[in-house]
Amino acid sequence: MGVVVRQSSLVSIFGLAGVGVAALTAFWLLPLAFPDRPEDYGLLRWIISVATILGLVLHAGLPQTVITFVPRWNAVQRAQFFTYGWVVILTLTALAAGTVTLWLWPWLDGFNLDTELGLTTTLAVILMAAAFTLHEWYLGWFTANGRIALPQIVKDFGRKTSLLLAVVVYLIWKPELSVVIFGLALWYVVLTVGLVLVYHRTVHEPLGLLQAQPEGQKYALWLLWSLATQMVFGQLDILLLGRWVGLDEVARYSIAFQIGIVLGVPSKSMNQAIRPFVAQYWAEGKRTELRALMFRSSRNQWGLSLLLYALILAVLPALYTLLPTAYQDRGPIIAAVAGATQMIYIATGATGMVLLISEKFRHDWYANVIMIVLSVGFAAWAVPQWGALGMAWSLFAAAVIYNSFRMFQLWRWFQISAFDQTFWRFLPWVGAAAMLHWLLPGLGWGVWSVAGLELGAQCALFVVANALLNFAPDLRVPSLIARFAS
């Protein structure tokens, strides 16, 4: 147990550090590298999105299959699936290489950039996708052997730090952008090869006959469909935005999107902490305890994330003055909508987690399909008119419907909800915080002075409102003092 706790702690620490590195790269270094050419920023982000989607598809759901079934299999079955997985991944990667070369090259030429792209950039996409796929495949084997830390740290921290260093290299030496992209792809390959070597130094994984386990095949196929829907949430918006309105809008959207990622950090950490308890209560049929845990977690997530959102909104206008002019257009508004979308996911708490561990887990996939259709449908109408802002509003509308569907299904089948009658207590505080944000700019002070004043005022308002209304009991000052003192 101590080893598991230590590895989980390392993953959490490096995960948070990775979020910080990504925010620094997206909000400061990339605009600094391309101050007058946001389309080059957008191209780099677009290329990584294409490679990420390919990586999700090419591993065909096999890594999670390894995590789920390898502990149950004997040595012969394990060796057979190891061989089967390698053959599937190599075959799919070879097919993808040819397809991507034929499909992506004309797309790159269609962007009409001054930067020379062509074969070098296309090859970089293939190498990135292969590296991401192989990394996920070995992440499954590392996890099945109880060694979660190293591959997760490489994924959450190593890749983000690599992108930061690539941008620093560009800032110092100013090579061709296509060279930077290709060099970054090669470095991702080196990271993955290093991970593979570390695994095989400690674990001897022999090859077996080319024979898959039927239960593993079926499970992997189902996961492939699930992953195909999940990729839309994080990557397809970037691809559509780049194709429909241009890469400069991708750059503006990427900066705003990073705000949403930062906003989701506290919620993600809390959900990770309660995940084993949710699984345990469900397995033991303790529905009362599960409901109590969901209510408590949701109230704390809602309180902390709403406070963080209010603080982000307070400083957004000031922060955007630090960016080059080409990146400031509608920036704070896009970021605010992206943050509101993240708040919709946070508001539903552990709803998705409970639905996935239940026998009705397929309904989460149905919700994902609904999300895809709605996102693309809304975006097809809004993006050509309003660009990045239209994409942000499209995802917000789709997120409301998606999360409402999941909450309805959980209540319909199990009478479990993330909300109770005490949630009305949030409303007076939220109303007061919104009024404060609307009134303070009218003082006529400088943008940084208003930001500093609102930061202090919003924190004070949260402390007072929570003391009076008790909407997040674990975040009250006496509770926090008692926890840190114990």
For the residue pair [X] and [Y], establish whether any side-chain heavy-atom pair is separated by less than 4.5 Å.
X: P324; Y: D36; answer: no
X: I238; Y: F257; answer: no
X: V169; Y: V180; answer: no
X: I401; Y: F378; answer: yes

Please work out which of the three classes, parallel, tilted or perpendicular, describes the rings of [Y] and [X], given edges at 30° and 60°.
X: Y402; Y: Y345; result: tilted
X: Y170; Y: F34; result: tilted
X: W302; Y: F426; result: perpendicular
X: F27; Y: Y320; result: perpendicular

Q.
Within a 6.0 Å radius of atom CH2 on W448, are there more than 12 heavy atoms belonging to other residues, nucleotides or ligands?
A. yes
Q) Above 12 or not: heavy atoms from other molecules or residues under 6.0 Å from CH2 of W244? A) yes
Q | Test of ring centre spacing under 6.0 Å for F396 and W393 | A |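 For F396 and W393, the ring centres are under 6.0 Å apart.
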Q. Distance from L177 atom CG to R37 atom CZ, nearest 0.5 Å?
A. 9.0 Å
Q.
With rounding to the nearest 0.5 angstrom, report the OG1 to CG distance, T121 to L43.
A. 6.5 Å
Q. Counting N and O atoms only, with roles assigned by atom type, does the side chain of R299 sit under 3.5 Å from a partner on the main chain of N470, one being a donor and the other an acceptor?
A. yes
